[in-house]
Amino acid sequence: MLLHLTGVLDAEALARAHALLADAPWTDGAATAGAQAVHAKRNEQLPPTCDAALALQSLMLGALERHPGFFSAALPKRVFPPMFNRYGGRTNTYGAHVDNAVRYVPRTGERVRTDLSATLFLTDPAAYDGGELVIDDTFGERRVKLAAGDLVLYPGTSVHRVEPVTRGHRVACFFWIESMVRGDDQRRLLHDMDRFLMHLRSTVGETDPGVVGLTGTYHNLLRQWVDT
Ligand code: NI
């Protein structure tokens with residue numbers, strides 16, 4: 001399942017992110033690629049513990065916490081500290097690869113199983129050509145290029161790539177989520193049910209017996225599948 005979350009960063013947060021990125025110490029992205037991915041990866045990244053990255057991480061994590069759709073869609077157990085990359089010039093592409101199943105958090109060594117991959121676009125799509133995130137979905141290839149501040153969530157199991165950026169630079173934030181609900185299908189059912197329940201709450205009201213009953217069913221399904 002691919003999910004597009006709009007407005008995860010608002011205009012003010014985007015301006016703050018761009019200010020932090022202006023003097024950021026970009027380095028070769030190959031340093032953090034796995035054994036297969038390193039052959040495909042040609043981009044730049046922020047060192048994960050530099051001052052700019054740490055300030056950007058807290059900006060991102062705060063925004064994710066406030067976004068109404070993120071919790072429902074991801075049911076996060078652990079979120080890998082967000083990282084930042086840049087594509088352009090000679091370091092402008094990332095060929096087909098699958099992300100490592102387990103990532104180790106810098107400094108703490110905590111393990112995060114990568115149930116979900118996330119990319120938040122930071123650059124206005126009119127400012128660069130190319131740079132689509134291409135994800136092999138069960139329905140075929142999906143090409144993703146979002147407005148600045150928008151996020152795509154996709155299964156960590158997907159083969160994906162970033163097309164060459166042929167004009168300008170594309171800056172994005174990327175990270176992984178270990179979900180309380182490991183299975184993509186179950187997580188999707190819960191997210192759909194939650195969305196339909198929100199719709200019912202706004203139309204028939206919180207106290208409607210159907211809404212009360214279905215809210216119970218949502219939590220009973222979650223209780224069956226959750227792994228805290
Ligand atoms: Ni990747």
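One-based numbering, in listed order, for ligands and for the atoms of each.
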Problem set entry | the Ni ion (ligand 1): protein N, O or S atoms [distance under 2.8 Å] |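 His97 NE2, Asp99 OD1, His160 NE2, with waters left out.
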Exercise. Where does the angle between the aromatic ring planes of Tyr94 and His97 fall among parallel (under 30°), tilted (30 to 60°) and perpendicular (over 60°)?
Worked result: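 Parallel, since the angle between the ring planes stays under 30°.
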Salt bridge check: are [X] and [Y] linked by an N-O gap of less than 4.0 Å?
X	Y	answer
Arg143	Glu163	yes
Glu178	Arg103	no
Arg187	Asp184	yes

Exercise. When the aromatic ring centroids of Tyr128 and His169 are compared, is their separation below 6.0 Å?
Worked result: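 Judged by ring-centre distance (under 6.0 Å), Tyr128 and His169 do not meet the cut-off.
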Problem set entry | Pairs touching residues 211-228 that satisfy salt bridge (charged side-chain N to carboxylate O under 4.0 Å, His left out), sequence neighbours left out |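 Salt bridge (charged side-chain N to carboxylate O under 4.0 Å, His left out) check on residues 211-228 returns Lys77-Asp227.
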